[in-house]
Amino acid sequence: MLAETQTRLRAGPQAPTDHAAMQPRASFPVLRGHAGLFSSFTFGQIGRLLAPLRDDVIAVGVIVGARPVGLAVGTLPSGSTQAELLSIAVAPALRRRRLGRRLLEAWQTEAHERGAAECRASYNASMSGRMALEGLLASGGWTSPRASGVVVVGRVGKMVDEVGTWPSIAGRLALPRSYAFAPLELSAADIEAVERYLSDPEAADMLGPIRQPEKLAFDYSIAVRRDGQLVGWLLATESHRPLVEGDADVPTVRYLEAYLDPAYREGGVMVAAYYHCYSKQMALLGRDSVAVYYTSYDSRPRMVALTLRRFAPIAERVETIFGASRCLPSF
Ligand SMILES: CC(C)(COP(=O)(O)OP(=O)(O)OC[C@H]1O[C@@H](n2cnc3c(N)ncnc32)[C@H](O)[C@@H]1OP(=O)(O)O)[C@@H](O)C(=O)NCCC(=O)NCCS
């Protein structure tokens with residue numbers, strides 16, 4: 001279904017249609033329990049969110065003539081007011097008849113009823129359905145899309161091999177003895193340190209290991225310690241997006257966030273932290289598993305520069321990420 005979708009979208013937008021005449025009778029049920037019947041309207045790992053539907057997943061279907069013909073899926077983590085739209089699709093034969101728009105509205109309404117104050121969507125610059133998605137979001141009153149950062153997608157085996165041979169980096173991969181990469185088991189003093197770091201305006205938009213811990217994949221997330229004290233973290237999550245073309249089911253770990261106390265930057269500690277986690281990922285999920293990390297233009301301009309210079313040549317892909325959002329009216 002996605003291949004067909006992409007081919008059609010590459011061919012460009014279809015001619016405008018007389019919507020009033022052609023709007024089919026449709027219902028937009030909020031899906032509960034198992035929603036596997038709709039899985040052909042999403043892709044890759046997002047499909048796994050459908051059966052069974054977790055509490056933090058918002059899925060709304062489109063039904064025309066008793067047949068599923070579309071789906072919007074996203075998440076609203078518990079305690080958060082930001083819902084993220086992960087995918088939205090309508091059957092090719094029924095596009096440009098306002099079903100997408102009504103589906104988006106139904107999905108937003110459900111997100112709002114579950115406590116969301118804002119909806120967000122982010123997508124790769126090269127996504128084949130980008131024009132249709134941007135048109136849809138604009139017609140639904142979302143903000144204009146803006147480039148928010150860069151995402152690097154690579155096979156861990158290759159990244160670990162290559163980074164280990166970089167002359168300027170290799171020496172730094174052996175950590176000074178005062179540092180340790182430890183499992184994310186936090187004492188009261190650690191939590192205090194995290195809260196202190198997060199209160200810094202530079203880290204204001206970060207999760208830290210304490211906001212939304214349910215998002216984290218603990219096997220690949222670490223605390224950075226210096227002489228036993230927590231001085232940073234590297235956080236990973238399971239990814240729900242197919243990030244390598246034609247390889248949708250390959251295990252993927254997304255490295256969400258890296259933070260280090262400003263006093264200890266420059267020493268290559270963060271590169272060593274990534275190296276440590278990627279090596280562990282390689283041991284647990286295999287050389288061909290995919291590691292993804294995102295770095296934001298706004299908060300990490302130096303990391304973006306390092307990424308483009310150093311990691312782009314050994315990665316499978318480096319993509320600009322765009323994002324758009326919509327505030328939902330308060331109750
Ligand atoms: C994106 C998608 C869900 C839109 O569904 P749809 O039912 O065709 O959308 P609608 O008919 O409700 O269109 C609403 C508005 O969106 C915009 N729009 C929709 N498709 C568009 C396209 N191909 N190009 C430009 N604008 C488009 C238009 O402004 C449209 O209003 P208009 O028809 O009055 O001009 C559909 O194109 C689709 O399933 N695409 C494939 C899956 C995909 O790529 N999803 C996005 C990423 S997950």
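Whatever order the structure lists ligands and atoms in, that order sets their numbers, starting from 1. The analysis underlying the following values was restricted to heavy atoms, covering all of them including side chains, and did not include hydrogens, waters or symmetry mates.
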- Can you check whether Leu133 has an N/O within less than 3.5 Å of an N/O in ligand 1? no
- Message: Would Arg96 count as being in polar contact with ligand 1, using the rule that some N or O on each side must be under 3.5 angstrom apart?
- Response: yes
- Which of the atoms in ligand 1, numbered in the order shown and given with their element, are less than 4.0 Å from a heavy-atom of Ile88? 3 (C), 42 (C), 43 (C), 45 (N), 46 (C), 48 (S)
- Taking the side chain as C-beta and beyond, is there a heavy-atom pair between Val194 and Trp233 under 4.5 Å? yes
- Note on the structure: Within 4.0 Å of some non-hydrogen atom of Met127, the atoms of ligand 1 are 47 (C)
- Where ligand 1 meets Gly135 - atom numbers and elements under 4.0 angstrom, heavy-atom basis: 16 (O), 17 (C), 26 (N), 29 (O)
- Message: Under the ring-ring contact (aromatic ring centres under 6.0 Å, His included) test against Tyr293, which residue among Phe311, Tyr255, Tyr220 passes?
- Response: Phe311
- Item | Numbered atoms of ligand 1 (with element) below 4.0 Å of Arg98, judged on heavy atoms | 10 (P), 11 (O), 12 (O), 34 (O)
- Does CD in Gln82 sit with more than 12 non-hydrogen atoms of other residues, nucleotides or ligands closer than 6.0 Å? yes
- Message: Within the 4.0 Å heavy-atom shell around Gly129, which atoms of ligand 1 are there?
- Response: 44 (O)
- Message: So, 4.0 Å and heavy atoms of Glu134: is ligand 1 close enough to count as a contact?
- Response: no
- Proximity winner for atom 9 (O) of ligand 1, if only heavy atoms of Ala121, Gly140, Ala138, Gly100 are counted: Gly100
- Query: Name the one of Val64, Leu103, Val90 that satisfies side chain to side chain contact (heavy atoms under 4.5 Å, CB included) with Val69?
  - Reply: Val64
- Item | Sub-3.5 Å N/O-N/O distance, Leu86 and ligand 1 | no
- Message: Heavy atoms only: which of Leu136, Val62, Leu71, Val69 lies closest to atom 2 (C) of ligand 1?
- Response: Leu136
- Task: For Ser139, counting its heavy atoms only, list the atoms of ligand 1 lying under 4.0 Å from any of them.
- Result: 14 (C), 15 (C), 16 (O)
- Query: Does Arg196 pair with Glu192 as a salt bridge, N-O distance under 4.0 Å?
  - Reply: no
- Message: Would you say Thr307 and Thr295 are linked by a side-chain donor-acceptor pair, where the criterion is simply a distance under 3.5 Å?
- Response: no
- Query: So how far is it from Met159 CE to Asp161 CG, rounded to the nearest 0.5 Å?
  - Reply: 11.5 Å
- Closest candidate by heavy atom, reference atom 40 (N) of ligand 1, pool Glu105, Gln23, Arg95: Arg95
- Query: If we only count N/O pairs under 3.5 Å, is Leu94 in contact with ligand 1?
  - Reply: no
- Atoms of ligand 1 under 4.0 Å from any heavy atom of Ser87, numbered from 1 in the order shown, are 48 (S)
- Arg101 neighbourhood, listing ligand 1 atoms whose heavy-atom distance to it stays under 4.0 Å: 12 (O)
- Message: On the six-membered ring of Phe322, is Arg130 placed so that its NZ or CZ lies under 6.0 angstrom from the centre and within 45° of the ring axis?
- Response: yes
- Message: I want to check something: taking the side chain as every heavy atom from C-beta on, are Leu104 and Trp142 in contact at a cut-off of under 4.5 Å?
- Response: yes
- Could you tell me whether Lys158 and Glu162 have a side-chain N and a carboxylate O separated by less than 4.0 Å? no
